[in-house]
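Single-structure report; data block below.
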Amino acid sequence: MNSIKIAARQPIDIEQTLQSGQVFRWNKIGEWYYLVINHNLVSIKQESLEDILVRSETLSGLDLETAVNDYFRLDDDIEYIYKSICTDKHIRSAIQSYRGLRIVRQDPWECLVSFICSANSNIPRISSNMTNLAAAYGNKLHLDEHSNYSFPSPHQIFQAGEQQLRELKLGFRARYVAAAAKFVLYGECDLDSLKKLSYEESKQTLTLISGVGQKVADCVLLFSLEKLQACPVDRWVRRAMEGWYSIEPNLSYEEISSWAINRWGPFTGYAQQYLFQQKRLEVSN
DNA sequence: GGTTGACCTGCGGAC
DNA sequence: GATTTCAGGTCAACA
């Protein structure tokens with residue numbers, strides 16, 4: 001068992017980050033959060049707002065630190081980002097409430113499948129879909145007495161086929177997930193290579209995939225492909241925009257998204273995530 | 001080009 | 001308790 005402490009020197013709130021609908025395969029046991037990073041099962045404990053404890057069987061030292069830093073984007077200067085997006089009282093209040101909430105940098109393939117599964121669904125169900133996929137086709141990973149699975153490769157999902165995916169209760173999304181696997185396998189599109197393209201170019205490529213529209217593409221771009229200006233507009237963000245910024249109810253996705261990018265610039269994705277969290281939790285409380 | 005309904009499933013909230 | 005609604009959308013068909 002390898003254990004290290006990471007001093008982020010800036011706020012990082014593991015709970016808020018994992019509970020903000022970016023990541024669907026993690027669980028909390030006692031004070032420890034278990035999640036899979038690059039095919040390694042890792043556990044994390046919050047020590048203070050700027051310090052975390054991390055454990056792993058398969059990564060150690062600098063490798064472990066780098067993997068976790070990378071995943072939670074601890075290289076982002078979050079204080080600078082706060083300053084840059086804090087244009088009004090709504091954002092200010094959201095930042096105050098959820099200080100330390102990070103955008104993650106997760107594996108693009110798993111992220112793509114997650115958000116294809118998110119269509120007309122809800123968080124508990126998306127989690128169950130992703131957990132079932134991993135348990136069915138992934139490789140088992142261990143950490144002390146706990147276990148989890150790596151997420152299956154495009155090849156593994158493609159081999160499973162649409163019918164088996166339906167049996168895992170993906171519903172109409174089964175066809176889309178199978179199509180995405182095929183696209184990544186045979187479409188000569190290495191998802192990671194999209195990081196090098198512009199926001200517009202990479203978005204255009206992603207939406208070639210059946211089952212990937214603007215919303216899903218923006219989620220994948222923001223949470224896995226380095227496009228921090230991407231602004232996924234879902235029901236919650238739309239409600240936030242209409243309620244707090246007097247955006248007209250009948251604006252198109254494109255119009256809302258562009259409005260936001262125009263207002264918040266290169267870190268619009270962060271602004272979006274804070275508004276999303278604020279609006280979503282304001283209702284449930 | 002914008003609008004509308006279908007799509008799987010499960011689970012809180014309304015009858 | 002049985003029934004309906006609505007979920008972090010996308011696509012195809014239509015006017």
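Each chain gets a letter, A, B and so on, in the order its sequence line appears, and its residues count up from 1. Note that the structure is predicted; figures quoted are calculated from it, not measured.
- With Ser258(A) contributing its side chain and Glu255(A) its backbone, the two residues share no donor-acceptor pair below 3.5 Å.
- For Ser128(A), there are no side-chain hydrogen bond (donor to acceptor under 3.5 Å, both in side chains) partners at least two apart in sequence or on another chain.
- For residues 212-227 of chain A, the set of pairs meeting the side chain to side chain donor-acceptor pair (under 3.5 Å) definition, not counting sequence neighbours, comprises Arg105(A)-Glu226(A), Tyr199(A)-Asp218(A), Lys203(A)-Gln214(A), Lys203(A)-Asp218(A), Asp218(A)-Tyr253(A).
- Take Gln156(A) and apply the side-chain hydrogen bond (donor to acceptor under 3.5 Å, both in side chains) test, not counting sequence neighbours, and it matches Ser153(A).
- If you measure from atom CG of Asn120(A) to atom C1' of dC7(B), you get 7 Å, rounded to the nearest angstrom.
- The closest donor-acceptor contact from the side chain of Glu201(A) to the backbone of Ser198(A) lies under 3.5 Å.
- A heavy atom lying under 4.0 Å from DNA chain B marks none of the residues of residues 200-207 of chain A.
- Residues from residues 121-138 of chain A with heavy atoms under 4.0 angstrom of DNA chain C, sorted by number: Ser121(A), Asn122(A), Ile123(A).
- In the hydrophobic clustering, Tyr34(A) connects to Met1(A), Ile29(A), Trp32(A), Val36(A), Leu41(A), Leu53(A), Leu141(A), Leu143(A), either directly or through intervening members, whenever side-chain heavy atoms lie under 4.5 Å apart.
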Under 3.5 Å, which donor-acceptor pairs do the side chains of residues 111-120 of chain A form with other protein atoms, sequence neighbours left out?
residue, atom, partner, partner atom, Å
Ser114(A), OG, Glu110(A), O, 2.9
Ser118(A), OG, Phe115(A), O, 2.7

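- The stretch residues 167-177 of chain A touches DNA chain B through Lys169(A), Gly171(A), Phe172(A), Arg173(A), each having a heavy atom within less than 4.0 Å of the strand.
- Sequence neighbours left out, the pairs with a member in residues 6-20 of chain A that pass side chain to side chain donor-acceptor pair (under 3.5 Å) are Gln10(A)-Asp77(A), Glu15(A)-Gln19(A), Glu15(A)-Lys28(A), Glu15(A)-Tyr33(A), Gln16(A)-Gln277(A), Ser20(A)-Gln22(A), Ser20(A)-Gln273(A).
- For Tyr80(A), there are no side-chain hydrogen bond (donor to acceptor under 3.5 Å, both in side chains) partners, not counting sequence neighbours.
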Could you write out DNA chain C as a dot-bracket string, with dots for unpaired bases, | for bases paired across to another strand, and Watson-Crick or G-U pairs counted at under 3.5 Å?
-> |....||.||||||.
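- Residue-to-nucleotide proximity on DNA chain C shows that, of Phe276(A) and Ser210(A), the 5′-proximal contact is made by Phe276(A).
- Evaluation of the side chain to side chain contact (heavy atoms under 4.5 Å, CB included) rule for Glu248(A) yields Asn250(A), Leu251(A) as partners, not counting sequence neighbours.
- The cationic group of Lys89(A) does not satisfy the cation-pi geometry with Trp244(A), failing either the under 6.0 Å distance to the six-membered ring centre or the 45° limit from the ring axis.
- Put simply, Arg239(A) has a side-chain N or O that comes within less than 4.0 Å of OP1 or OP2 on dA7(C).
- On the P atoms, dA2(C) is 27 Å away from dC8(B), given to the nearest whole Å.
- Within the 4.5 Å cutoff, no side-chain heavy atoms of Ile95(A) are placed close to those of Arg92(A).
- Inter-residue side-chain proximity for Trp264(A) and Ile91(A) is flagged as met; some heavy-atom pair is nearer than 4.5 Å.
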